[in-house]
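The next block holds one structure in the form of structure tokens; read it before the comments.
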There are 4 protein chains.
Amino acid sequence: MSIVTSNSESTASAGRPRSEEAHQAILDATLALLVTSGFSALTVEGVATRAGVGKATIYRRWPSKVHLVMEAFSQLPGLKEVDTGSLVGDLGKMLRSYVEILNSTPLAAILPSLAGERAHNPELSKLFDPLLKERRQPVIHALERAVERGEVRSDIDYDLTADLIFGPIVMRVFFTGSRINPKILGPVIDAVLRGITPRPRDQPG
Amino acid sequence: MSIVTSNSESTASAGRPRSEEAHQAILDATLALLVTSGFSALTVEGVATRAGVGKATIYRRWPSKVHLVMEAFSQLPGLKEVDTGSLVGDLGKMLRSYVEILNSTPLAAILPSLAGERAHNPELSKLFDPLLKERRQPVIHALERAVERGEVRSDIDYDLTADLIFGPIVMRVFFTGSRINPKILGPVIDAVLRGITPRPRDQPG
Amino acid sequence: MSIVTSNSESTASAGRPRSEEAHQAILDATLALLVTSGFSALTVEGVATRAGVGKATIYRRWPSKVHLVMEAFSQLPGLKEVDTGSLVGDLGKMLRSYVEILNSTPLAAILPSLAGERAHNPELSKLFDPLLKERRQPVIHALERAVERGEVRSDIDYDLTADLIFGPIVMRVFFTGSRINPKILGPVIDAVLRGITPRPRDQPG
Amino acid sequence: MSIVTSNSESTASAGRPRSEEAHQAILDATLALLVTSGFSALTVEGVATRAGVGKATIYRRWPSKVHLVMEAFSQLPGLKEVDTGSLVGDLGKMLRSYVEILNSTPLAAILPSLAGERAHNPELSKLFDPLLKERRQPVIHALERAVERGEVRSDIDYDLTADLIFGPIVMRVFFTGSRINPKILGPVIDAVLRGITPRPRDQPG
DNA sequence: TCGTAAGCGAGACGGTACGTCGAGTCTTGCT
DNA sequence: AGCAAGACTCGACGTACCGTCTCGCTTACGA
């Protein structure tokens with residue numbers, strides 16, 4: 001059972017089982033309305049109507065709109081583990097695929113809403129934070145492998161470095177909302193690996 | 001006149017002048033409630049009550065919650081222009097001071113909420129985006145000076161590099177909500193300038 | 001179904017049924033507030049608060065304050081049909097009972113307020129006028145029986161005569177607001193029946 | 001000084017005297033708006049705008065909308081003293097002229113509003129009641145003369161009889177709001193004088 | 001096979017906030 | 001001190017959703 005899903009598969013109980021059909025219809029309606037209306041304009045009433053479901057059926061499964069949106073969010077794809085043998089290759093492949101996800105799913109629209117809510121909602125924070133940690137693991141693993149290979153200095157802070165790598169992407173998702181141009185990934189990876197200072201070998205002489 | 005402020009300095013008009021006291025009380029109440037509740041849970045009614053003011057007094061000055069929040073936000077301090085003669089010095093001083101601001105004002109609590117709303121609220125986006133652009137200018141200027149001095153490669157993308165620098169700070173503000181430890185600034189600046197790969201001169205010969 | 005009542009007896013519908021308890025609490029609160037404040041100072045918000053009910057519960061049943069007040073008003077007792085065999089007896093019994101009602105229910109306090117509003121409120125007028133017409137029918141019927149019996153001239157205008165009979169009572173309700181002394185009824189009925197001029201048989205000779 | 005007017009002519013005071021021009025402009029605007037909008041839709045703000053006057057100028061003179069309307073009302077014409085030598089003649093002339101006033105001024109529209117308000121507003125009642133008493137005096141005087149002439153029984157209650165005479169007119173003003181047809185006056189006066197029972201001399205002998 | 005417990009859509013429940021308007025009061029500069 | 005103008009606080013408007021609560025009705029399990 002996932003962190004965010006409710007215990008629908010727990011101890012077989014008497015009575016009518018919950019409708020899996022309704023469950024998915026609700027999540028689908030949620031994602032659809034998130035795309036068209038955004039998080040704060042999303043109403044549980046609207047989700048219920050679109051899903052052809054009673055409000056109680058939603059509240060029976062999720063304690064609040066935030067939790068509902070969070071489960072919808074958790075269904076969206078994330079980073080995939082990639083091992084090409086080099087950090088440049090790993091990061092390039094992972095980030096390119098991630099940008100593709102950001103550009104083709106509601107993920108980019110939902111992420112800032114949840115982060116914005118997280119700050120004032122400890123309950124959400126409790127669910128959201130581990131999820132976020134989990135979702136960046138592929139990059140952490142790639143960094144660990146790179147350190148083992150000697151490609152990267154061994155004294156780096158993994159979390160901080162992951163922040164450095166995700167930073168430019170997240171900055172754009174949060175502050176511009178526009179499509180992420182995959183062309184920025186090359187320069188970003190290059191800067192992270194080798195810095196922005198001039199390189200001796202690039203200089204004549 | 002700023003983008004978000006109203007034309008308070010315009011020609012003295014007939015009738016009772018608007019109360020400057022009420023104006024500031026409203027902005028103060030807005031900031032206080034943004035910290036505790038966030039943007040979407042902020043109600044104009046709540047602001048009015050806390051400021052000891054009628055709702056009409058708020059709507060007379062700001063056409064919507066968005067405009068009100070933007071003016072309150074724009075009162076918070078931001079990056080200061082710094083010129084120490086080196087990029088390391090400039091970034092160190094600027095970011096250290098910025099982290100101090102994040103740790104001592106409601107800025108860190110408000111920023112994610114606004115970013116989360118921005119994605120679905122074009123009206124907010126229209127006011128917020130230029131404000132954000134303006135607020136990162138000191139770093140852009142420092143980078144420009146560094147390029148002129150030859151400290152930094154001349155082919156860098158200024159915006160992308162600014163994203164790279166702010167990234168780790170913003171990531172922590174948005175996804176952890178905790179105090180920012182100023183100790184991360186050194187490694188961040190170092191990584192941005194020289195990358196995370198091993199350095200030839202650090203290696204034993 | 002009455003003009004003012006809603007179709008509560010219609011086919012049982014889906015969903016939670018409307019609370020009969022809330023319905024009566026709202027009407028009671030309406031009458032109480034009409035007495036203390038009058039129609040124009042009556043607020044739906046005030047009724048909701050006093051009835052311990054949400055505003056929506058009121059608007060779900062009555063489309064406007066006018067309809068609500070009309071249903072509350074229509075619950076108050078009115079003239080009762082009486083047939084004693086003589087017009088003097090009918091009027092005496094009916095009016096005595098009506099004065100008792102005026103002196104013991106909120107009717108006397110509510111009536112002027114509604115009449116005052118009626119003049120400028122077509123919606124109210126549309127509901128109120130038929131109700132008023134209906135409420136004076138017992139007197140009209142008594143007059144009709146009296147005409148049949150030859151007790152009263154056959155060329156009288158029933159409505160005008162009813163106005164003549166109610167006139168003194170209504171004048172006092174509207175312009176003094178005090179209790180109506182039942183002792184005026186004898187002289188009123190006498191004057192209506194036999195006029196105020198001296199009577200031949202009362203004169204000597 | 002009238003009962004309802006404020007002390008505009010009281011002890012000559014320091015400062016600028018109140019503008020008599022403004023005073024009349026306000027009353028005119030009030031009557032004009034009463035005709036077009038009715039009492040409840042009349043706003044002090046609207047009166048001020050139409051009179052080209054500040055709201056404070058109105059509130060300086062009248063404590064509320066009701067008082068303002070009352071003074072406007074008191075400017076409207078009322079019953080005129082008439083002495084034709086017979087009660088039938090007096091009442092005929094007076095009532096015919098009064099009905100003409102009701103049909104051609106806002107009086108009929110204002111009267112119910114004030115009566116409706118009177119019931120819940122003791123302050124208004126204090127001003128309104130003596131005015132009403134004063135306005136019916138011509139009928140009382142005509143009755144007194146008729147008693148002296150022996151046209152009317154000497155044991156009648158003057159007030160009650162006045163109520164009987166005004167009753168049908170007031171009933172129609174309050175409960176129908178329509179024009180008063182002057183043709184009802186003949187039957188009303190006849191009924192008051194001689195009753196509605198069959199007359200011996202009308203019967204065949 | 002059938003009772004029953006839980007789920008179902010529907011919709012009413014008491015609340016809260018919306019953005020607007022008018023009430024009655026207060027505060028300018030001017031007359 | 002009065003004036004026009006227009007700010008002030010307050011509170012009601014009728015609507016939309018909140019999250020909860022009945023309704024009458026399935027539905028599928030286990031006695």
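Residue numbers begin at 1 in each chain, while the letters A, B, ... track the order of the sequences.
- Listed for the A:S125 side chain is no donor-acceptor partner under 3.5 Å among the backbone atoms of A:N121.
- As rounded to whole Å, 10 Å separates atom P of E:dC8 from atom CD of A:E20.
- Counting only heavy atoms from C-beta outward, the side chains of D:Q24 and D:Q75 approach each other to under 4.5 Å.
- A search for salt bridge (Lys or Arg N to Asp or Glu O under 4.0 Å) contacts involving D:E21 returns nothing, not counting sequence neighbours.
- The interatomic distance linking D:W62 (CH2) with E:dA23 (P) rounds to 15 Å, in whole Å.
- D:P106 places a side-chain heavy atom less than 4.5 Å from the side chain of D:L31.
- One can place CD1 of D:I26 at 13 Å from P of F:dG2, the figure rounded to the nearest angstrom.
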Intra- and interstrand pairs of DNA chain E - dot-bracket, Watson-Crick/G-U under 3.5 Å, | marks other strand:
|||||||||||||||||||||||||||||||
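- Remark: of the listed residues C:L34, C:I110, C:L33, C:L34 is the sole one forming a side-chain contact (heavy atoms from CB on, under 4.5 Å) with C:F39.
- Distance, C:Y59 OH to F:dC13 C1': 6 Å, rounded to whole Å.
- Whole-Å rounding puts the A:L42 CG to F:dC18 C1' distance at 13 Å.
- For the pair A:W62 and A:L27, the minimum side-chain heavy-atom distance is below 4.5 Å.
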Quick one, give me the B/S/- string for nucleotides 11-16 of chain E, reading 5' to 3', where B means a protein heavy atom under 4.0 Å from the base and S means that only happens at the primed atoms, P, OP1 or OP2.
BBBSB-
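- For the residue pair B:E117 / A:S40, a side-chain donor-acceptor distance below 3.5 Å is found, with atom types taken as modelled.
- Note: CD (B:E45) to C1' (E:dC18) measures 8 Å, nearest angstrom.
- Looking at C:R118 and C:E123, their side chains never come closer than 4.5 Å, going by heavy atoms from C-beta outward.
- A:E123 places its CD atom 14 Å from the C1' atom of F:dG19, with the value rounded to the nearest Å.
- Atom CZ in C:R50 sits about 14 Å away from atom P in F:dA12, given to the nearest Å.
- A distance-only check finds a donor-acceptor pair linking the side chain of C:H120 to the backbone of D:A109 [under 3.5 Å].
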